[in-house]
Visitor: 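First the structure, then my questions, so here it is.
Throughout, protein chains are lettered first and strands after them, A, B, ... in sequence-line order, and every chain is numbered starting at 1.
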Number of protein chains: 2
Amino acid sequence: MNIEQLELTEKRIKIFKALADETRLAILKALYHSGNELNCTEVGFTCDTSKSNASYHFKTLREAGLIKVRKDGQARYMSIYKETFDQILPGFLDTL
Amino acid sequence: MNIEQLELTEKRIKIFKALADETRLAILKALYHSGNELNCTEVGFTCDTSKSNASYHFKTLREAGLIKVRKDGQARYMSIYKETFDQILPGFLDTL
DNA sequence: TCGTTAGTTCAAAAGTTGTTTAACTATAGA
DNA sequence: TCTATAGTTAAACAACTTTTGAACTAACGA
């Protein structure tokens with residue numbers, strides 16, 4: 001395996017780990033179906049867990065490149081990082 | 001969430017867990033690129049681990065519905081379970 | 001029947017991930 | 001400046017996954 005393939009494999013594994021969790025799938029589903037950005041409180045509400053646990057899951061999704069976060073005042077708005085899905089899992093978002 | 005959606009979510013999580021591992025991605029890659037079935041020894045050789053560990057990973061892949069296994073004499077031949085990929089991760093196999 | 005090959009299973013050890021609680025930082029408004 | 005709100009971080013713990021080595025089963029050929 002060359003270096004690009006190694007990095008691609010690592011990226012894939014990070015993504016699959018991030019997707020292998022009910023709470024994180026619920027977050028992505030909410031984001032995808034909102035068709036828009038949502039703030040942490042809104043997302044935390046739909047996935048029914050504590051704010052620190054929600055924050056842990058946001059971080060996992062962010063580090064896998066599956067969501068992006070925009071800061072505005074006190075709030076942080078997150079949305080699907082579509083490019084990552086298109087590259088690694090073409091067609092998956094539409095099955096959500 | 002209704003019962004079908006719950007089952008789909010569980011199936012997805014099982015699949016993502018199965019895919020979130022370097023050894024198992026290597027197995028799938030070998031199978032996909034062989035374009036054919038391979039026996040456990042051949043696959044174990046390409047993914048460089050003990051036979052008991054290889055067997056554990058085969059089971060994980062089998063239980064996620066990602067490979068199927070055919071027994072013939074002493075040997076077992078495994079191959080990609082294409083239908084599962086088509087249903088849950090359309091387009092993914094070609095990125096392998 | 002005996003030895004060999006192919007693969008699985010089991011239990012213990014090692015490693016990783018998810019949850020919880022509490023303490024923390026940063027921004028906003030009174 | 002004080003208080004409230006939004007979110008992150010750290011530590012401890014429980015739960016789960018992976019690895020390892022040894023014992024096992026099943027099929028084959030001599």
Side-chain angles (χ1 to χ4, degrees), chain A residues 9-31 34 36-81, chain B residues 9-31 34 36-81:
Chain A
T9 297
E10 276 169 30
K11 189 174 178 181
R12 267 188 192 132
I13 290 175
K14 217 167 193 179
I15 288 172
F16 287 131
K17 278 187 180 166
L19 291 171
D21 178 275
E22 196 174 348
T23 303
R24 291 190 291 267
L25 282 181
I27 292 169
L28 291 173
K29 220 166 174 170
L31 283 173
S34 83
N36 212 318
E37 29 178 47
L38 294 176
N39 67 43
C40 295
T41 306
E42 288 170 319
V43 176
F45 192 74
T46 75
C47 71
D48 187 38
T49 183
S50 68
K51 63 180 186 164
S52 85
N53 187 239
S55 185
Y56 163 74
H57 290 299
F58 298 157
K59 190 179 180 190
T60 305
L61 289 168
R62 211 175 344 103
E63 288 181 352
L66 297 177
I67 62 173
K68 48 190 164 190
V69 178
R70 180 177 69 83
K71 200 175 168 179
D72 178 14
Q74 276 164 294
R76 263 145 232 234
Y77 293 92
M78 66 185 82
S79 53
I80 297 276
Y81 207 138
Chain B
T9 297
E10 276 169 29
K11 189 174 178 180
R12 267 186 191 134
I13 290 175
K14 213 167 194 179
I15 288 172
F16 288 133
K17 278 188 180 164
L19 292 170
D21 178 277
E22 196 173 350
T23 303
R24 291 190 293 266
L25 281 181
I27 293 169
L28 291 173
K29 220 164 171 170
L31 284 172
S34 83
N36 212 319
E37 30 178 45
L38 295 176
N39 68 44
C40 294
T41 305
E42 289 170 317
V43 176
F45 193 73
T46 75
C47 71
D48 187 37
T49 185
S50 66
K51 61 179 188 166
S52 83
N53 188 239
S55 185
Y56 162 73
H57 288 300
F58 298 157
K59 192 179 178 191
T60 305
L61 288 168
R62 211 174 344 102
E63 289 180 351
L66 297 176
I67 62 172
K68 46 190 164 191
V69 178
R70 180 177 69 82
K71 200 175 168 180
D72 178 14
Q74 275 164 294
R76 262 145 233 233
Y77 294 92
M78 66 186 82
S79 53
I80 296 276
Y81 208 139

Visitor: Please pick, from dG18(C), dT19(D), dG7(D), the nucleotide with the shortest atom-to-atom distance to any side-chain atom of His57(A).
Guide: dG18(C)
Visitor: Round to the nearest Å and state the distance from Leu19(A) atom CG to dT17(C) atom P.
Guide: 14 Å
Visitor: Distance check needed: dC16(D) P versus Ile13(B) CD1, whole Å only.
Guide: 13 Å
Visitor: Give the C-alpha distance, both sets of side-chain angles, the deciding distance and a yes or no for side-chain contact (heavy atoms from CB on, under 4.5 Å) between Leu25(A) and Glu22(A).
Guide: CA-CA 5 Å; Leu25(A) 282 181; Glu22(A) 196 174 348; 5.9 Å; no
Visitor: For a side-chain contact (heavy atoms from CB on, under 4.5 Å) with Ile80(B), tell me which candidate from Leu66(B), Asn36(B), Leu28(B), Leu61(B) qualifies.
Guide: Leu28(B)
Visitor: Can you name the residues that form a side chain to side chain donor-acceptor pair (under 3.5 Å) with Arg70(A), not counting sequence neighbours?
Guide: Glu37(A)
Visitor: What is the distance, rounded to the nearest whole Å, between atom CG of Asp21(B) and atom C1' of dT16(C)?
Guide: 12 Å
Visitor: Just checking Lys59(A): does its NZ atom have more than 12 heavy atoms from other residues, nucleotides or ligands closer to it than 6.0 angstrom?
Guide: no
Visitor: State, to 0.1 Å, how close Asp72(B) and Tyr77(B) come at their nearest heavy-atom pair, and which atoms those are.
Guide: CB-CE1, 4.0 Å
Visitor: What one-letter contact string describes nucleotides 20-30 of chain D from 5' to 3', where B marks a base within less than 4.0 Å of any protein heavy atom, S marks contact via sugar-phosphate atoms alone, and - marks no contact?
Guide: BBB----BS--
Visitor: Whole angstroms only, please: what is the CZ-C1' distance between Phe58(B) and dT17(D)?
Guide: 18 Å
Visitor: Of all the nucleotides listed (dG7(D), dT17(C), dT8(D)), which has the minimum atom distance to the side chain of Lys17(A)?
Guide: dT17(C)
Visitor: In whole angstrom, give the distance that lies between atom CD1 of Ile67(B) and atom P of dG7(C).
Guide: 12 Å
Visitor: How many Å lie between CG on Leu61(A) and C1' on dT8(D), as a whole number?
Guide: 15 Å
Visitor: Determine the minimum heavy-atom distance between Tyr81(B) and Gly65(B), stating which atoms define it.
Guide: CB-O, 3.2 Å
Visitor: Rounded to whole Å, how long is the line connecting atom CD of Glu42(B) with atom C1' of dG7(C)?
Guide: 14 Å
Visitor: How many whole angstroms separate atom CD of Glu22(B) from atom C1' of dT19(D)?
Guide: 15 Å
Visitor: Between Ala64(B) and Ile15(B), which heavy-atom pair has the shortest distance, and what is it?
Guide: O-CG1, 3.5 Å
Visitor: Given that Arg62(B) and Thr60(A) both sit by DNA chain C, which one's nearest nucleotide is further toward the 5' end?
Guide: Arg62(B)
